[in-house]
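The structure's right below; bear with me while I get my questions together.
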Amino acid sequence: MSERPGPPAAPTLAEDLLLLLFQPRSGTIAGENTLYYVLAGGVLADLALGEHVRTTRSPGGNVRVGAVEDRAPSDPVLRSAWDYVAGKPRGVQTVLAAIGPGLRAPLLENVVARGDIRQESRTVLGLFRSTALVDGGTPRRAELVESVRAVLVDGAEPTPRVAALGGLLAGSGTLPQLHREIPWTTPVIKRAHELERGTWGAQAAGAAVARTVTATVVNSTTYALTLVPRG
């Protein structure tokens with residue numbers, strides 16, 4: 001019997017985003033109602049950072065995403081999203097709605113395979129079996145929280161990747177749920193809104209083109225999230 005392949009060597013941005021949204025105290029993932037939009041934004045941001053996609057604006061001002069020819073990513077989840085926009089550029093909201101619903105399971109599977117989150121089988125009322133999510137005990141989540149906290153609380157200059165993580169967290173409306181780790185104060189709210197808008201500062205590390213495209217994706221995802229009911 002062949003062994004099942006493990007997760008990619010390095011976590012994708014969407015996997016790290018899912019890990020940040022995981023709440024170790026409750027074993028839940030914050031923002032489940034809009035999670036598919038947020039994770040889809042993480043996938044598009046990752047594609048933008050890797051220069052696998054480009055964005056354009058229609059005459060009406062709508063942002064469209066298209067694949068960069070011969071720049072297909074190797075990660076299966078990213079490749080599936082790239083394939084979707086390879087035929088023709090599509091509106092960001094269309095892409096988010098199309099790729100988002102199928103992301104939670106494979107991304108969580110990869111995070112679990114790395115050991116950052118564990119799945120435990122439990123019995124409820126002595127009769128029913130359920131699966132609980134628990135902290136995997138690795139330093140990965142703490143490192144991610146610290147990188148976002150440094151930007152939001154301490155005013156550190158973000159890399160495009162951290163800016164995308166912070167912007168998507170802010171846009172998802174879940175940052176207040178991380179208040180034990182990232183205090184939800186007025187300066188933090190102001191900085192979070194800057195990340196949502198893609199105003200990361202002129203000195204942000206990374207290629208200018210990739211940074212601009214990523215900022216456009218994050219900003220468009222944030223806007224799309226405002227249109228989704230949070231009930």
Side-chain angles (χ1 to χ4, degrees), residues 2-21 34-58 62-114 116 140 144 147 158-169 171-172 198 200 204-225:
S2 60
E3 292 186 1
R4 186 178 178 282
T12 65
L13 191 150
E15 289 164 8
D16 277 345
L17 185 57
L18 180 64
L19 183 57
L20 274 170
L21 290 169
T34 56
L35 185 62
Y36 72 98
Y37 261 94
V38 180
L39 296 180
V43 166
L44 286 184
D46 218 342
L47 289 172
L49 284 174
E51 300 183 12
H52 303 292
V53 298
R54 61 170 61 93
T55 59
T56 57
R57 286 189 180 273
S58 69
N62 295 322
V63 178
R64 301 176 70 81
V65 181
V68 176
E69 190 175 358
D70 299 325
R71 288 285 299 173
S74 58
D75 178 84
V77 173
L78 298 183
R79 176 59 189 262
S80 178
W82 186 89
D83 285 341
Y84 181 70
V85 297
K88 65 175 183 179
R90 301 174 188 269
V92 169
Q93 290 188 43
T94 298
V95 178
L96 295 175
I99 70 174
L103 290 176
R104 186 187 189 279
L107 294 177
L108 179 59
E109 190 175 331
N110 280 344
V111 174
V112 169
R114 280 196 188 85
D116 298 322
R140 182 67 184 175
L144 291 170
S147 66
T159 64
R161 195 177 198 277
V162 172
L165 286 170
L168 289 167
L169 282 174
S172 71
W200 308 341
V209 173
R211 183 170 68 244
T212 300
V213 174
T214 306
T216 301
V217 166
V218 172
N219 193 27
S220 299
T221 304
T222 298
Y223 173 73
L225 282 163

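Model, not experiment: these values are computed from the prediction.
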Practice problem: Please step through side chain to side chain contact (heavy atoms under 4.5 Å, CB included) for the pair Glu15 and Asp116, ending with a clear verdict. | Solution: CA-CA 10 Å; Glu15 289 164 8; Asp116 298 322; over 6 Å; no

Quiz item: Between Ala67 and Arg54, which heavy-atom pair has the shortest distance, and what is it?
Solution: O-NH1, 3.8 Å

Quiz prompt | Non-hydrogen atoms of Ala48 and Val53 that approach each other most closely | solution = N-CG2, 3.7 Å

Quiz item: When rounded to the nearest 0.5 angstrom, what distance separates OG1 in Thr222 from CG in Leu169?
Solution: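 It comes to 10.0 Å.
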
Quiz item: Any side-chain heavy-atom pair from Thr221 and Val38 closer than 4.5 angstrom?
Solution: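 Not touching, per the 4.5 Å side-chain cut-off.
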
Quiz item: Which heavy atom of Leu13 sits nearest a heavy atom of Ala45, and at what distance?
Solution: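 Shortest heavy-atom separation between Leu13 and Ala45 comes out as CD1-CB, 4.3 Å.
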
Quiz item: Going from CG on Leu144 to CG on Asp16, what distance comes out if it is rounded to the nearest 0.5 angstrom?
Solution: 4.5 Å

Quiz prompt | Contacts of type salt bridge (Lys or Arg N to Asp or Glu O under 4.0 Å), residue Arg104, not counting sequence neighbours | solution = Glu32

Quiz prompt | Shortest non-hydrogen contact from His52 toward Ala72 | solution = ND1-C, 4.1 Å

Self-check item: Minimum heavy-atom distance between Trp82 and Asp70, given as atom pair plus value
Solution: CZ2-N, 4.4 Å

Quiz item: CG of Asn219 to CG of Leu168: how many Å apart, nearest 0.5 Å?
Solution: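 Between Asn219 CG and Leu168 CG, I get 10.5 Å after rounding to 0.5 Å.
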
Self-check item: From CD1 (Ile99) to CG (Leu47), nearest 0.5 Å
Solution: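 If we round to the nearest 0.5 Å, Ile99:CD1 and Leu47:CG are 7.5 Å apart.
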
Quiz item: Got a donor-acceptor contact below 3.5 angstrom from the Thr34 side chain to the Tyr37 backbone?
Solution: no

Practice problem: Specify the closest pair of heavy atoms between Ala40 and Gly100, including all atoms of both residues, with the distance to one decimal. | Solution: CB-CA, 3.8 Å

Exercise. Could you tell me whether a side-chain N or O of Ser220 sits under 3.5 Å from a main-chain N or O of Val217, the two making a donor and an acceptor?
Key: no

Self-check item: Test item: Glu51 and Val68 side chains (from C-beta on) under 4.5 Å apart, heavy atoms
Solution: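 SC-SC contact between Glu51 and Val68 ruled out.
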
Quiz item: Looking at CG of Leu49 and CG of Leu44, how far apart are the two atoms once the value is rounded to the nearest 0.5 Å?
Solution: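 These two atoms lie 11.0 Å from each other.
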
Quiz item: Would you say Ser80's side chain and Val77's backbone share a donor-acceptor pair under 3.5 angstrom?
Solution: no

Quiz item: When rounded to the nearest 0.5 angstrom, what distance separates CG in Leu19 from CG in Asn110?
Solution: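 Here the interatomic distance stands at 12.0 Å.
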
Which pairs of donor and acceptor atoms, one on a side chain in residues 85-96, lie under 3.5 Å apart (sequence neighbours left out)?
residue : atom : partner : partner atom : Å
Arg90   : NE   : Tyr84   : O            : 2.9

